[in-house]
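Following: one structure in structure tokens, then a few remarks.
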Amino acid sequence: MAGAGGVYRLRCSLLGHEQDVRGITRGFFPEGGFVSVSRDRTARLWTPDGLNRGFTEMHCMRGHSNFVSCVCIIPPSDLYPRGLIATGGNDHNICIFTVDNTAPLYVLKGHKNTVCSLSSGKFGTLLSGSWDTTAKVWLNDRCMMTLQGHTAAIWAVKILPEQGLMLTGSADKTIKLWKAGRCERTFTGHEDCVRGLAILSEMEFLSCSNDASVRRWCISGECLHVYFGHTNYIYSVSAFPHCKDFVTTGEDRSLRIWKQGECTQTIRLPAQSVWCCCVLDNDDIVVGASDGIIRVFTKSLERTASAEEIQAFENELSQASIDPKTGDLGDINADDLPGKEHLKDPGTMDGQTRLIKDNGKVEAYQWSVSEGRWIKIGDVVGSSGGTQQTSGKVLFEGKEYDYVFTIDVNENGPSYKLPYNISDDPWLTAYNFLQKNDLNPMFLDQVAKFIIDNTKGQAPLNTNTEFSDPFTGAGRYVPGSSSLSNTAPAADPFTGAGRYVPGSASNVIAPVGGHDPYTGMGAYQSAKTENIYFPKKDAVTFDQANPTQILGKLKELNSSAAEEQKLTEDDLIILEKLLSATCSTSAEMPTAQQIQTLWKAINWPEDIVFPALDILRLSVRHPIVNENFCGEEAHVQFIHLLLKFLNPQGKPANQLLALRALCNCFVSQAGQKLLMEQRDEIMTQAIEVKSGNNKNVHIALATLTLNYAVCLHKVNDIEGKAQCLSVISTVMEVVKDLEAVFRLLVALGTLISDDKNAVQLAKSLGVDSQIKKYVSVSEPAKVKECCRFVLNLL
């Protein structure tokens with residue numbers, strides 16, 4: 001038994017699930033326990049028994065209407081001191097359970113296809129991945145944000161230790177890193193579907209794939225190492241705590257233990273698909289497989305199973321049938337194989353396999369270093385080398401099969417050959433068939449059912465005809481379909497001293513002492529200890545202007561416009577009257593003719609349109625103009641026109657004035673209603689201009705975010721707040737101007753005031769650590785003071 005303490009042996013086999021065990025995770029309560037989920041539609045909570053070897057089923061939880069594919073634990077909180085259990089299923093739902101109840105506490109709905117991966121973070125956040133190609137971030141019972149960017153099913157998700165960072169792995173062969181809800185980086189290297197992720201540290205993580213490799217990555221994007229050893233799909237990877245060692249399981253019937261970058265032990269199981277694994281706090285390893293049995297392996301001598309149990313496991317393993325087509329045992333020619341005497345020679349490494357021929361049968365053995373002997377791991381089927389007449393098999397492409405079906409996908413198209421052995425998984429065969437012939441993955445259910453119906457019921461154990469399990473998810477990888485934003489630093493377009501410069505006088509940074517923090521005017525009177533900054537109740541607008549300069553620039557540029565776009569002298573007079581009506585306290589009201597002329601002017605070419613945009617920025621504050629542009633009839637055209645100017649490669653002057661016009665739309669009900677309805681599209685486009693270095697653009701972007709925060713504070717729209725928090729977090733990383741920072745801080749404070757969920761979400765995104773540095777800003781004092789008030793809430 002020398003050295004046995006360092007080698008994993010069977011601890012116990014747990015029966016209970018009636019079908020494939022698809023997910024396993026260690027639990028917080030009871031201590032030393034874990035949770036498993038299965039195609040039998042149940043989740044089961046297991047607790048260590050008093051004998052220190054086995055586990056007892058504590059609860060069987062039901063809530064899904066279809067098979068359950070993933071599970072994770074939400075850490076303990078004040079409300080749920082024992083934590084919560086989250087399960088995802090083929091019914092598109094996520095069920096949340098307490099550890100004391102077999103029925104769900106609540107159900108999360110929102111995904112449009114199977115939920116196949118879950119990960120929990122701090123402050124109650126939950127990340128889910130689905131075959132619908134999206135990942136979703138949940139807080140308690142609400143969806144906070146949806147992560148979009150993958151082109152195929154998301155098979156794996158993980159929340160990193162650093163707040164706000166999340167990982168998703170997909171059937172499109174890529175991994176994406178998300179920060180505050182936005183894709184920061186895409187990792188490429190795997191040659192097939194990414195199936196699992198595991199976190200090693202704040203800076204490193206592992207991924208496993210259908211390409212039979214494991215990769216170690218740095219979050220900066222570099223692939224640090226590629227590990228090979230598995231001979232088929234790798235479904236699951238789990239890391240040991242506080243080190244870089246890990247375990248993997250896959251379609252080659254094996255659990256593999258990796259220490260210091262090498263596969264140090266291979267444990268074969270009597271099931272083709274070893275779907276999942278997890279490492280317990282005591283370093284024991286739990287695995288779930290396609291035979292519905294959970295097996296626990298340990299290197300502790302005290303917890304090792306009895307000799308009888310280990311012998312029973314080896315007997316079960318020796319009776320398994322191994323399909324040579326998996327390639328797991330290399331090329332097999334039965335005529336060349338030696339007899340049993342070959343097993344007298346010791347192996348050279350743990351997990352080494354050796355094939356022998358005994359009484360006409362091919363048997364597979366694996367070398368165990370700890371036992372110093374060869375252990376039988378199964379009989380190799382279909383390797384007799386016989387002909388169709390002698391073996392009853394059908395020859396196709398030089399290989400033997402039990403069946404070769406002819407499949408007609410449509411009446412006019414070609415026929416396809418589908419080879420199948422009764423030891424195969426019909427779902428895996430159907431998937432491979434569709435992949436090989438480049439057929440739509442939507443046929444997966446149909447093809448698998450055809451196989452099952454036409455093989456006289458000779459399906460392998462635990463194959464369920466009711467459920468589909470598409471290995472690539474909903475979509476196929478489409479080369480060249482990724483959308484990478486191509487942003488370039490914007491140049492300053494304003495030229496000429498003493499000439500009209502858009503917004504040159506509209507941002508006054510003022511000290512706090514009794515002044516309005518936005519305009520510097522004497523609006524607020526307060527002592528320093530009172531929070532005068534948020535929650536902000538009204539929209540912030542850009543009001544200052546010089547109408548004479550604006551009109552002068554408009555006339556100058558009009559002379560260089562193309563003939564069909566030129567404004568007439570009458571048009572210029574009309575716009576002058578519009579400016580007068582909207583910028584002064586005169587009794588004149590804007591007319592339909594004036595508004596129509598303004599619409600004509602703001603459709604000028606991008607290089608000359610900015611004075612017209614400035615007139616729009618001022619005019620849209622008037623209720624009549626606001627209603628005209630933001631009302632039901634014209635609002636779609638109006639928003640699309642302004643969003644066109646928010647192209648990151650566009651002119652900063654146009655970006656600035658389009659943002660300011662959007663900010664000023666918030667002064668009237670029509671504008672507020674429109675901007676809230678179009679929030680997702682507007683914020684998604686507006687944030688793209690953050691990459692420029694124009695401080696006025698940054699201030700306008702911060703103000704737009706603040707105005708959204710003002711509106712969101714009045715309504716219970718947590719998903720809207722989540723998007724706003726994401727924008728604040730993202731923009732806060734790039735802005736340097738302290739006025740922009742100040743407005744973002746006020747927006748943040750307004751969003752989280754009187755809303756515990758928003759506070760939790762802000763903390764989970766790591767916003768508190770982002771803003772701490774502004775506590776030490778000396779001037780303007782309002783930045784430091786506002787920051788302190790925000791941190792008090794967090």
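Positions are given from 1 along the sequence.
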Do we see a donor-acceptor contact under 3.5 Å between the side chains of [X] and [Y]?
X    : Y    : value
S254 : D252 : yes
E222 : S220 : no
S273 : E251 : yes
Y227 : R216 : yes
T264 : W258 : no
R253 : Q272 : no
K176 : T168 : no
W46  : S36  : yes
S236 : W275 : no
S764 : K122 : no

Answer yes or no: is there a donor N or O on one side and an acceptor on the other, between the side chain of [X] and the main chain of [Y], under 3.5 Å?
X    : Y    : value
R354 : D345 : yes
D192 : D211 : no
S69  : V115 : yes
Q352 : T348 : yes
S170 : K173 : no
H59  : V99  : yes
R215 : G189 : yes
R53  : T304 : yes
T353 : Q366 : no
S130 : D132 : yes

If you apply the rule side-chain contact (heavy atoms from CB on, under 4.5 Å), what do you find for L255 with L269, and how did you get there? CA-CA 8 Å; L255 157 70; L269 280 86; 4.2 Å; yes
Taking the side chain as every heavy atom from C-beta outward, state whether [X] and [Y] have any atom pair closer than 4.5 Å.
X    : Y    : value
L108 : N93  : no
W178 : L167 : no
D284 : R11  : yes
S38  : E18  : no
L280 : I285 : no
I267 : V287 : no
W217 : L224 : no
L84  : L105 : yes

Smallest separation among heavy atoms of [X] and [Y], with atom names:
X    : Y    : result
L761 : L139 : N-CD2, 3.8 Å
A198 : A239 : CB-N, 4.1 Å
H111 : S128 : NE2-OG, 2.7 Å
L45  : V35  : CD1-CG2, 3.6 Å
I74  : G124 : CG2-CA, 4.3 Å
R82  : F29  : CZ-CZ, 3.3 Å

Expected list for residues 305-314: side-chain donor-acceptor pairs under 3.5 angstrom, two or more places apart:
residue: S306; atom: OG; partner: E308; partner atom: OE1; Å: 3.4
residue: S306; atom: OG; partner: E309; partner atom: N; Å: 3.2
residue: S306; atom: OG; partner: E309; partner atom: OE1; Å: 3.1
residue: E309; atom: OE1; partner: S306; partner atom: N; Å: 3.0
residue: Q311; atom: NE2; partner: N315; partner atom: OD1; Å: 3.0
residue: E314; atom: OE1; partner: R373; partner atom: NH1; Å: 3.4
residue: E314; atom: OE1; partner: R373; partner atom: NH2; Å: 3.0
residue: E314; atom: OE2; partner: R373; partner atom: NH2; Å: 2.6

Kindly assign one of parallel, tilted or perpendicular to the pair F205 and F187, based on the angle between their ring planes and the thresholds 30° and 60°. perpendicular
Any salt bridge between [X] and [Y], counting N to O under 4.0 Å?
X    : Y    : answer
E57  : R44  : yes
K376 : E363 : yes
E316 : R295 : yes

So, taking the atom named [atom1] in [X] and the one named [atom2] in [Y], what distance separates them when rounded to the nearest 0.5 Å?
X    : Y    : atom1 : atom2 : answer
N90  : F67  : CG    : CZ    : 4.0 Å
L126 : W138 : CG    : CH2   : 8.5 Å
T125 : I159 : OG1   : CD1   : 4.0 Å
R256 : C263 : CZ    : SG    : 5.5 Å
L118 : C72  : CG    : SG    : 5.0 Å
D245 : S238 : CG    : OG    : 12.0 Å

Give the intermediate values and the outcome of side-chain hydrogen bond (donor to acceptor under 3.5 Å, both in side chains) for residues T98 and D100. CA-CA 5 Å; T98 64; D100 310 310; 4.6 Å; no
Take E191 and S209, measure what side-chain contact (heavy atoms from CB on, under 4.5 Å) needs, and give me the verdict at the end. CA-CA 8 Å; E191 296 172 8; S209 165; over 6 Å; no
Using the benzene-type ring in the case of Trp, are the ring centres of H242 and F240 under 6.0 Å apart?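 Here the rings of F240 and H242 have centres that are no less than 6.0 Å from each other.
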Determine, step by step, whether V68 and R22 satisfy the side-chain contact (heavy atoms from CB on, under 4.5 Å) criterion, reporting the C-alpha distance in whole Å, the side-chain angles of both residues, the deciding distance to 0.1 Å, and the verdict. CA-CA 7 Å; V68 193; R22 294 303 302 262; over 6 Å; no
For K179 and E733, what are the C-alpha separation, side-chain angles and deciding distance, and is it a salt bridge (charged side-chain N to carboxylate O under 4.0 Å, His left out)? CA-CA 11 Å; K179 184 171 178 63; E733 293 217 327; 3.6 Å; yes
Using the rule given for side-chain contact (heavy atoms from CB on, under 4.5 Å), can you reason through T266 versus R268, listing the C-alpha separation, both sets of side-chain angles and the distance that settles it, and then say yes or no? CA-CA 6 Å; T266 300; R268 305 278 174 178; 4.0 Å; yes
If you apply the rule side-chain hydrogen bond (donor to acceptor under 3.5 Å, both in side chains), what do you find for T146 with Q148, and how did you get there? CA-CA 6 Å; T146 299; Q148 294 177 300; over 6 Å; no
